[in-house]
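To keep things clear, I will list the structure first and then write my remarks on it.
Numbering of residues begins at 1 and proceeds along the displayed sequence.
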Amino acid sequence: MKYVIGAVLLATLFVSCKNKNAKIVSEAYTDSLIGNYTLSKAAEINDKDIQFWKSRIDPKNPRQVNESKYASALISRFHFFGDINDVKRADSIYNAVNKTYNNTLAGPFVALTSTAMLQHHFSKADSLFEKAQKLGVDKFTLNTLTFDVNFELGRYNAAGIFLNRMKRDKDYSYFFRRSKYDHFSGTIDSAISAMTKGASLSEKSPYLEGIALSNAADLNIHAGDLQKAGDLYKQCIKLNSADFHSILGLGWVALVGDKNDTLAEKLFKFVLTKNKLPDPLYKLYQMAQQRGDKTLEKKYAVDFIAKATDTVYGRMYNKYTIEIYTGILNNPVQAEALAKDELTNRATPQTWAWYAYTLFEDNKHDEAYKVFEQHVSGQPLEGLELYYMGKMMKGLGKGYNAGEFFKAAKKNQYDLSPALEKDLEKNLEE
């Protein structure tokens, strides 16, 4: 009998080792994904919608419905292919509708609120939604957009009140926002559960299901479960071949999970050919870090900065440009200016942490610590901000505090760029 038990244990050990060495993202899957790429059905339908509603617009007799439907379809195309000009065009259309009706309709202001948030103009979104409310909005719109605006502006108590007003056991919108709130509160398991629940309530909409599952994948990366994240991203891509966020996410799993920078590079460059946002350039900058190629890292950092700081993107990429300016491009003055500008847009614990860190990097140590004490200390932070505060505390000679921040950042290590993660490990070993 002991030999049977030994054989079973040996077989179990073999399977365990095999699973441990298995790659989350295979080369065969990647080659198939890229080689067999076709435009998703949802994107094809959206293109037909754009042409249909555009053809119904009469420039000599401007109205609301056709114009608003056309603008909405342009926003949908932006979500597929990342052309920011689609958002700008939609904004112009909604503003034109407002002009036609002398700012008497709530609908265009509601739409402009959403597009403002999409572009990270959160203070502007707040003022736009105030105008919509004065004209009258339905209860659902009131609760969802009030939550969204307050949450992005860091008014978390107010956001929580409106989240509770939305609460329904079978509502996609509620669970999507519940997940965001739980993530902020630090209850990551609840956040994942809520987002997964939201996906199951997508009313047979592959597009909405994919958005929720992609967000659930992001949350699993945050929690350190790369296998689960990879599985979810693959599920999203199956639902929508134009889900370039999930393809980038899969590349990230290949990079930091499988340590396969070549496969990650292939996925990132593929997205670069299909999607117009700066995101794949940022991922390629991170890929070069993992590879240890400083020349390539700087090239992609410069390319990303050149695109992401174009005025058409507003403040959409401040978080990432600050990282690069305080890193390989070594321009803390510019980083500080961006962080200060971000505070006029949204003053949250995260953005105050960016500002404190950029002040520290710009050798304004006393001012940096004052900002930390007043606006950051004791507040919930993400992995990047925890790392920043650890670096700052270490530089200020506060070793114990630095160690605590570094330990907390370690829990979200896969949220960090490879160079930052390596530096985090180094600091934890000291």
Side-chain angles (χ1 to χ4, degrees), residues 120 153-154 156 183-186 188 222 224 256 282 285-286 289-290 294 297-298 301 304-305 308-309 315 317-430:
H120 286 212
L153 287 172
Y156 301 116
H183 182 197
F184 160 75
S185 302
I188 190 66
H222 182 78
V256 300
Y282 178 75
Y285 142 82
Q286 294 178 309
Q289 283 187 350
Q290 181 78 342
K294 284 288 184 183
E297 178 189 351
K298 189 167 185 178
F304 172 76
I305 289 290
T309 55
R315 300 181 175 101
Y317 291 96
N318 277 356
K319 176 180 179 179
Y320 308 102
T321 53
I322 287 169
E323 176 190 322
I324 290 172
Y325 278 134
T326 55
I328 193 167
L329 295 190
N330 191 27
N331 190 343
V333 173
Q334 184 62 33
E336 181 188 334
L338 286 171
K340 189 173 184 179
D341 173 68
E342 186 66 36
L343 287 173
T344 66
N345 182 42
R346 51 172 173 167
T348 67
Q350 288 74 31
T351 56
W352 278 113
W354 301 350
Y355 186 49
Y357 183 63
T358 58
L359 287 169
F360 169 76
E361 286 291 297
D362 200 19
N363 291 314
K364 299 177 181 178
H365 292 184
D366 290 343
E367 192 175 345
Y369 189 65
K370 185 177 180 181
V371 169
F372 167 79
E373 286 189 306
Q374 292 180 346
H375 302 287
V376 182
S377 180
Q379 298 298 316
L381 300 173
E382 297 286 311
L384 179 63
E385 293 76 36
L386 290 165
Y387 168 79
Y388 282 165
M389 294 303 94
K391 291 287 286 184
M392 189 176 85
M393 290 300 158
K394 182 179 178 181
L396 294 174
K398 300 180 183 296
Y400 174 78
N401 290 344
E404 293 302 299
F405 278 116
F406 287 140
K407 288 176 187 175
K410 173 69 175 175
K411 296 176 183 177
N412 307 139
Q413 67 185 82
Y414 296 119
D415 290 345
L416 300 176
S417 292
L420 303 188
E421 184 187 357
K422 290 175 185 175
D423 186 65
L424 173 65
E425 294 291 349
K426 179 182 175 182
N427 279 285
L428 286 169
E429 290 170 2
E430 291 179 354

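Looking at Thr348, its side chain does come within 3.5 Å of a backbone N or O of Thr351 through a donor-acceptor pair. When atom types are taken as modelled, the side chain of Asn427 and the backbone of Asp423 share a donor-acceptor pair closer than 3.5 angstrom. Between the side chain of Asn345 and the backbone N or O of His120 there is at least one donor-acceptor pair closer than 3.5 Å. Side-chain atoms of Asn331 come within 3.5 Å of backbone atoms of Gln334 as a donor-acceptor pair (strictly under, hydrogens ignored). Side chain of Glu385 to main chain of Ala409: no donor-acceptor pair is present (N/O by atom type, distance under 3.5 Å, no hydrogens or angles). Without hydrogens or angle criteria, Gln289 side chain to Ala419 main chain gives a donor-acceptor distance under 3.5 Å. Distance alone, capped at 3.5 Å, places no donor-acceptor pair between the Glu425 side chain and the Lys422 backbone.
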Could you go step by step and tell me if Leu420 and Lys391 meet the side-chain contact (heavy atoms from CB on, under 4.5 Å) rule?
-> CA-CA 10 Å; Leu420 303 188; Lys391 291 287 286 184; over 6 Å; no
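Between Ala308 and Thr321 the shortest heavy-atom distance is CB-CG2, 4.2 Å. Minimum interatomic distance between Ala356 and Met392 (heavy atoms only, all atoms of both residues): O-SD, 3.7 Å. Looking at every heavy atom in both residues, Thr344 comes nearest to Arg315 through OG1-NH2, 3.3 Å. Here the closest heavy-atom approach between residue Gln290 and residue Pro418 is recorded as OE1-CB, 3.3 Å. The minimum heavy-atom distance linking Leu428 with Lys407 is given by the pair CD2-N, 3.9 Å. Residue Leu359 comes nearest to Ala368 through the heavy atom pair CB-CB, 3.8 Å, listed as atom of the first residue, atom of the second, then distance.
Side-chain atoms of Glu367 and Lys370, non-hydrogen and from C-beta on, never get closer than 4.5 Å to each other. Residues Gln379 and Trp352 are not in side-chain contact: their nearest non-hydrogen atoms beyond the backbone lie 4.5 Å or more apart. By the 4.5 Å heavy-atom criterion applied to side chains, Tyr156 and Ser185 are not counted as neighbours. The closest side-chain heavy-atom distance from Tyr325 to Glu361 is not below 4.5 Å. Using a 4.5 Å heavy-atom cutoff, the side chains of Tyr388 and Thr358 are not in contact. The shortest distance between side-chain heavy atoms of Ile324 and Tyr282 falls below 4.5 Å.
Cation-pi check for Lys394 over Phe406 is not met; the charged atom does not lie both under 6.0 angstrom from the ring centroid and within 45 degrees of its normal.
With rounding to the nearest 0.5 angstrom, the CD atom of Glu429 is 10.0 Å from the NZ atom of Lys426. Note that CG of Leu338 and CG of Asn318 are 5.0 Å apart. Values are rounded to the nearest 0.5 Å. Between the CH2 atom of Trp354 and the CG atom of Leu343 there is a distance of 9.0 Å, given to the nearest 0.5 Å. Separating the OH atom in Tyr355 from the CZ atom in Phe360 is a distance of 15.5 Å, to the nearest 0.5 Å. Rounding to the nearest 0.5 Å gives a distance of 6.0 Å between CG of Leu381 and CD of Gln350. Taken to the nearest 0.5 Å, the CG atom of Asp415 stands 10.0 Å off from the CD atom of Glu421.
Between Tyr320 and Phe304, the ring planes are perpendicular. Angles over 60° get that label, and only those under 30° would be called parallel.
Between His222 and Tyr414, the gap from one ring centroid to the other reaches at least 6.0 Å.
A salt bridge does not link Lys319 to Glu323: none of the charged nitrogens lies less than 4.0 Å from a carboxylate oxygen.
Contacts of Lys364 classified as salt bridge (Lys or Arg N to Asp or Glu O under 4.0 Å), with partners at least two apart in sequence or in another chain: Glu336, Asp362. Residues passing the salt bridge (Lys or Arg N to Asp or Glu O under 4.0 Å) test with Glu297, sequence neighbours excluded: Lys294.
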